[in-house]
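Working notes, beginning with the structure itself.
In what follows, every chain begins at residue 1, and chains take the letters A, B, ... in the order their sequences are listed. Just so it is clear, the model here is predicted, and its values are computed rather than measured.
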Protein chains: 2
Amino acid sequence: MTDDPKRRLFNTFATVAKALGNGHRLELLELLAQDERSVEALTRLSRLTFGNVSQHLQQLRRAGLVDARKDGKHVFYRLADDEVVKLIASLRRIAERNLAEVDRVVSGYFRERDSLEALSREELVARMQDGLVTILDVRPPEEFAAGHVPGALNITVKELGERLGDIPAGQEVIAYCRGPYCVLSFEAVALLRKRGFEARRLDDGYPEWKAAGLPVEAGPASD
Amino acid sequence: MTDDPKRRLFNTFATVAKALGNGHRLELLELLAQDERSVEALTRLSRLTFGNVSQHLQQLRRAGLVDARKDGKHVFYRLADDEVVKLIASLRRIAERNLAEVDRVVSGYFRERDSLEALSREELVARMQDGLVTILDVRPPEEFAAGHVPGALNITVKELGERLGDIPAGQEVIAYCRGPYCVLSFEAVALLRKRGFEARRLDDGYPEWKAAGLPVEAGPASD
DNA sequence: ACAACATTCTATTATTCAATAGAATAATAA
DNA sequence: TTATTATTCTATTGAATAATAGAATGTTGT
């Protein structure tokens, strides 16, 4: 099209941005930020048709945002790079700061956000060194097994009511899940507080933790 | 459209990405990363028509990426936030790592890149503390005046040949300009080396320096 | 008030994109 | 081999986007 190198670079960068410019694709990327998944699994987890998911994934692949691996009948997709999580986080930050729309949605549906006094990753790292916190991962066991914050306890929100006994008393609980807008940790903190625990949320989730290069642990649930 | 809050958020984030999904708009953002500019100035600097520039700017504004200020007959646009520079840098990093196209363009037109041994921001900060480097800003004086790395000398590539005497001998020169793909600093380093100076490039430019929160200085050229 | 200028708005057209359905591949199971 | 399942590819439709030209708005200078 053009042969001005600067322009060609801008156009190439634009193709990456274009791939991010669709809500469904961002949703797929969020799902992939948890763990690699097959097209079938992604179809189940999103509300799209099979063929449509496949096409979106291929756009993401052309843009270099995801990679694919074939295993038997299944094709497993995963993020090409942890930098993708950072890119999306950067997108989110700009949207949060500069678009009133985000405020309205967030304050409408995630109202307790501030009242639950979210903790930053840095603060959590500091607390972990002191060793006086219980870290609670409220995601499903499969996602936990694919990777989690070292030493975290895995109890889903559903089980939480019956497993309060597994949580060490007397020290603060920090709950996290899939990301900044994942409601699971909000619910967990609300429940824990009602039952007398001192509990707070991590202000984002596992993918951001991993992308930041902080240590992770993998394997089956630790209980 | 939908009232699933998660989906509404993704759609909102997607509108920001969509605004970035066009080479011309990325070019406008790069120009704005230097300094605020009027629609007229941007029309001159890009190869777009006046009306088209205006429309692109309005898309950028709707996406919360730029702000506008009216002064007399002119409307001046500027980046809404330094985070925008970081977002674009993140986009660039992913494109560089994962798309062969970028490699081809970069190695075709910016071949000397590696041979000129670019220096990172962090390394430059360390060198500045030792005080044994000359920092050379090769951008036009207007851009220099709008903000530059503290202590930098402003000499454009055009003047450089006749003003070598202004450069302290015996210490390394670090040149920078508008960003990682700005050719000015490549040319400056090539010229300086030919004339016997020890010279290297900063691996990105002023906008990235500023966005990283490093100290900046403003005002007329320091010579 | 009028003319000149910078900018935005509107309408039009060509291009690109999203979603759907159905055909084509490719791997496994019977 | 045939059937089954997971996935990709192709074609089609309707929707969104980009570029252009020209009208409308608003500000400054006379």
Side-chain angles (χ1 to χ4, degrees), chain A residues 1-2 4 7-8 10-29 31-32 35-63 65-78 101, chain B residues 1-2 4 7-8 10-29 31-32 36-63 65-78:
Chain A
M1 28 189 93
T2 171
D4 173 353
R7 230 151 260 196
R8 279 175 59 185
F10 281 134
N11 284 333
T12 307
F13 299 161
T15 62
V16 179
K18 246 180 233 167
L20 292 172
N22 176 290
H24 294 312
R25 282 194 292 271
L26 289 177
E27 186 178 1
L28 293 175
L29 288 172
L31 293 168
L32 293 174
D35 196 1
E36 69 167 13
R37 296 184 198 274
S38 66
V39 184
E40 186 198 22
L42 290 168
T43 304
R44 236 180 314 107
L45 293 165
S46 67
R47 234 183 282 166
L48 302 172
T49 61
F50 195 101
N52 201 5
V53 169
S54 172
Q55 296 210 134
H56 280 305
L57 288 170
Q58 276 162 80
Q59 276 185 258
L60 291 172
R61 187 162 54 175
R62 263 177 262 129
L65 292 165
V66 306
D67 282 336
R69 163 179 82 80
K70 195 160 189 177
D71 181 13
K73 279 194 272 195
H74 296 262
V75 176
F76 288 92
Y77 282 85
R78 65 178 163 289
E101 166 73 5
Chain B
M1 28 187 87
T2 169
D4 175 351
R7 232 152 257 200
R8 279 176 59 184
F10 281 134
N11 285 332
T12 307
F13 299 162
T15 62
V16 178
K18 245 180 235 167
L20 293 172
N22 177 288
H24 294 310
R25 283 194 292 271
L26 289 177
E27 186 179 0
L28 293 174
L29 288 172
L31 293 167
L32 293 174
E36 70 167 12
R37 295 185 199 272
S38 66
V39 183
E40 187 197 21
L42 291 168
T43 304
R44 236 179 315 107
L45 295 166
S46 67
R47 233 183 284 165
L48 302 172
T49 61
F50 195 101
N52 201 3
V53 169
S54 172
Q55 295 207 136
H56 280 306
L57 289 170
Q58 275 163 78
Q59 274 184 261
L60 291 172
R61 186 161 55 175
R62 263 177 262 127
L65 292 165
V66 306
D67 281 339
R69 166 179 81 80
K70 195 161 192 177
D71 181 13
K73 279 194 273 195
H74 296 263
V75 176
F76 289 91
Y77 283 84
R78 65 176 164 288

**Asked** Rounding to a whole Å, what distance do you find between B:Leu42:CG and C:dT8:C1'?
**Response** 15 Å
**Request:** Round to a whole Å and report the spacing from CG of A:Leu48 to P of C:dA21.
**Result:** 13 Å
**Asked** Would a 4.5 Å heavy-atom cut-off, applied to side chains only, mark B:Leu48 and B:Leu42 as touching?
**Response** no
**Item:** Working for side-chain contact (heavy atoms from CB on, under 4.5 Å), residues A:Tyr77 and A:Asp67
**Value:** CA-CA 6 Å; A:Tyr77 282 85; A:Asp67 282 336; over 6 Å; no
**Message:** Could you tell me how far apart A:His24 (NE2) and C:dT20 (C1') are, to the nearest whole angstrom?
**Reply:** 13 Å
**Asked** Separation of B:Leu60 atom CG from D:dA18 atom C1', in whole Å?
**Response** 14 Å
**Request:** Do nucleotides 5-17 of chain D as a string where each nucleotide becomes B, S or -: B if the base has a protein heavy atom under 4.0 Å, S if just the sugar-phosphate does, - if no protein is that close.
**Result:** BSBBSB------S
**Asked** What is the distance from CG of A:Asn52 to P of C:dG22, rounded to the nearest Å?
**Response** 15 Å
**Message:** In this structure, how many angstroms lie between the P atom of C:dT16 and the CZ atom of A:Arg62, rounded?
**Reply:** 14 Å
**Asked** B:Arg47 has an atom CZ; how far is it from atom C1' of D:dA19, in whole Å?
**Response** 16 Å
**Request:** Mind running side-chain contact (heavy atoms from CB on, under 4.5 Å) on B:Asp4 and A:Arg47 for me, showing each step along the way?
**Result:** CA-CA 12 Å; B:Asp4 175 351; A:Arg47 234 183 282 166; 3.9 Å; yes
**Prompt:** Are side-chain heavy atoms of B:Asn52 and B:Thr43 found at a separation under 4.5 Å?
**Reply:** no
**Request:** Could you pull out the closest heavy-atom pair between B:Ala68 and B:Val75, with the gap in Å?
**Result:** CB-CG1, 3.9 Å
**Prompt:** To the nearest Å, how far apart are B:Leu20 CG and D:dA18 C1'?
**Reply:** 17 Å
**Message:** Please give me the minimum heavy-atom distance between B:Ala19 and B:Leu60, naming the atom from each residue.
**Reply:** O-CD2, 3.8 Å
